[in-house]
Amino acid sequence: MEAAAIAVKNLVVTRGGRRVLHQLNVDIPRGHITGLLGPSGCGKTTLMRCVVGVQRVESGTVTVLGDAAGSAALRRRVGYVTQSPSVYADLSVADNLSYFASLFGASKQRVRKTMSDVELSDSANQLVSQLSGGQRTRVSLACALISEPELLVLDEPTVGLDPVLRAQLWQQFHELADSGVTVLLSSHVMDEATHCHRLLLMRDGSFVADDTPDALLSQTATLDLESAFLALVSDRTDSQEA
Amino acid sequence: MSLRIATMTVWRVLNQLRRDRRTVALLLIMPSVLMTLLRYVFDGSPMVFDHIGVTLLGIFPFIVMFLVTSVAMLRERTSGTLERLLTTPISKLDLLVGYGTAFALVAAVQTLLTCATTLWLLDLHVCGNLSFVIGISVADAVLGAALGLLVSAFAATEFQAVQFMPAIVLPQLLLCGLFAPRDSMASWLDAASSLMPLSYVVEALSEVARHAEATAILWRDLGIVVGLIGVCLVLAAVTLRRKTP
């Protein structure tokens, strides 16, 4: 079997004196969409920051595409989209994309292509500060797509988007995955989870489950993932108390 | 370090600034307006204006660039774009040199305008070569920008960044020799002022004001200023961390 896109071993992270991630272990396969789900504050963002190599780690290792997370070689191969759009609000959409393109040596043609992929060609010359929240999210996403990364790490990419746009984005994520891109994304909305190939359910800095959406449903004998999550959490609590 | 990325960063920072017309207008025009004000404050004593005016040609760009750069860099940190940039192939030095160069260009235009107003319209008298006045002012503006980049690491909010102005710039202003000659100060203050970058800028400018030819002190001071720019940029690079808690 091909080596995992992301291999996390005994990962421990402490922030501000509080342990945020407890001895995490997981392998995330290539070319799949893996959803990191759980309530806000459960450590999703911290784990993603570890994967892109901006989080100081207490112990354990994170290996991404064969290299240590955050190593220089990975900076062209991993795209990262933070939860709040981190783009320049005082620049136009095209200027933002051109700047990020220049960091990777991407062509002007690539800028145009990416802009049309996220359906922002019509707003190319508008300042980001004048765009709606959903458009800003897409500018931020486009800035990560521009380098054609092998691994895309997306923190809550569909929050606050309208259903049509959300469907379009999911379609795009699936197209990326089909072309071999590994997608790791987080969400606190369980509905989103059905679109993923594989789910990692998180709670209080630990994994509660790691399986496909269907397997989770049959395992817990539930009809939706929200109930599955609740069932899994209560099972764990019961077994801890027993 | 990549020349292409640094150049694109210069362009991006200038592009951001260009959109903020009010800031550009204030940056370019205010020093000339203040100089004009000063000229008429000392209407009866042009000799005093000559002395203070040339010193202020160095002080204005330093203060303005310090403020603007520290706030601009802080925005980069707080908006999340810095964290994102540091996951891309950009090197820390590309970013800092990009910011430094962009604001140096702005400083150069500002200095040229201020010098033109002061030297020709307001008849400020300088013995030495005018190109030295301009050169020193630009170097000193870049120093202000480099110091601003460094200091922004220690500010968590824009309020704090602005408060670094009185904390870091005003002591230098008091001790640089503008209000009283440095050798007439208490000896410990004189010693303190010799640790402050602005003292060398002011000394260099007064050398140009008093001597027709470039003096050894002028060259030494200019060397110190350029060296300090390098030191500030390297320290600023050290404070930029790819991994944060």
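Every chain is numbered from 1, with letters handed out A, B, ... down the list of sequences.
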**Q** Could you verify whether a donor N or O on one side chain and an acceptor N or O on the other, from B:T117 and B:S32, lie under 3.5 Å apart?
**A**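 Yes, a side-chain donor-acceptor pair sits under 3.5 Å.
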**Q** If we ignore angles and hydrogens, is there a donor and acceptor under 3.5 Å between the side chains of A:E175 and A:Q171?
**A**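 Yes, because at least one side-chain N or O of A:E175 sits under 3.5 Å from a partner of the opposite role on A:Q171.
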**Q** Hey, is the main chain of B:T88 close enough, under 3.5 Å, to the side chain of A:R76 for a donor-acceptor pair?
**A**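 The answer is no, because no donor-acceptor pair under 3.5 Å joins these two groups.
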**Q** Ignoring hydrogens and geometry, is there a side-chain-to-backbone donor-acceptor pair from A:H197 to A:I33 under 3.5 Å?
**A**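 Yes, A:H197 side chain to A:I33 backbone: donor-acceptor pair under 3.5 Å.
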**Q** Please check if the side chain of A:D204 supplies one atom and the backbone of A:C42 the other of a donor-acceptor pair under 3.5 Å.
**A**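 It does not hold such a pair.
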**Q** Chain B heavy atoms under 4.5 Å from A:A73: which part of the residue, side chain, backbone, both or neither?
**A**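 A:A73 has no heavy atom closer than 4.5 Å to chain B.
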**Q** Go through the atoms of A:D90 and report whether side chain, backbone, both or neither lie under 4.5 Å from a heavy atom of chain B.
**A**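 Both backbone and side chain.
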**Q** Side chain, backbone, both or neither: which part of A:S84 has an atom under 4.5 Å from a heavy atom of chain B?
**A**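 Contact with chain B: none, neither part.
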**Q** Side chains of B:N15 and B:R18: do they bring a donor and an acceptor to under 3.5 Å?
**A**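 Short answer, yes.
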**Q** Please check if any side-chain donor atom of A:T45 sits under 3.5 Å from a side-chain acceptor atom of A:D155, or the reverse.
**A**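 Looking only at side-chain atoms, A:D155 and A:T45 do form a donor-acceptor pair, the distance falling under 3.5 Å.
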**Q** If you count heavy-atom pairs within less than 4.5 Å of chain B, which of A:A89, A:G105, A:G16, A:S147 leads?
**A**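 Most heavy-atom pairs under 4.5 Å with chain B: A:G105.
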**Q** Between B:T7, B:L17, B:T9, who has the most heavy-atom pairs with chain A when the cutoff is under 4.5 Å?
**A**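 If we count pairs closer than 4.5 Å to chain A, B:T9 comes out on top.
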**Q** Between A:S140 and chain B, with a heavy-atom cut-off of 4.5 Å, which part of the residue counts as in contact: side chain, backbone, both or neither?
**A**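 Both backbone and side chain.
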**Q** Considering only heavy atoms and a distance below 4.5 Å, find which of B:R19, B:M8, B:Q16 pairs most often with chain A.
**A**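 It is B:Q16.
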**Q** Does any backbone or side-chain atom of A:L127 lie under 4.5 Å from a heavy atom of chain B? Answer side chain, backbone, both or neither.
**A**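 Answer is side chain: those atoms of A:L127 sit under 4.5 Å from chain B.
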**Q** Using non-hydrogen atoms only, which part of B:R4 is less than 4.5 Å away from chain A: side chain, backbone, both, or neither?
**A**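 Contact with chain A: side chain only.
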**Q** Is B:S79 in contact with chain A via its backbone, its side chain, both, or neither, using a 4.5 Å heavy-atom distance?
**A**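 Contact with chain A: backbone only.
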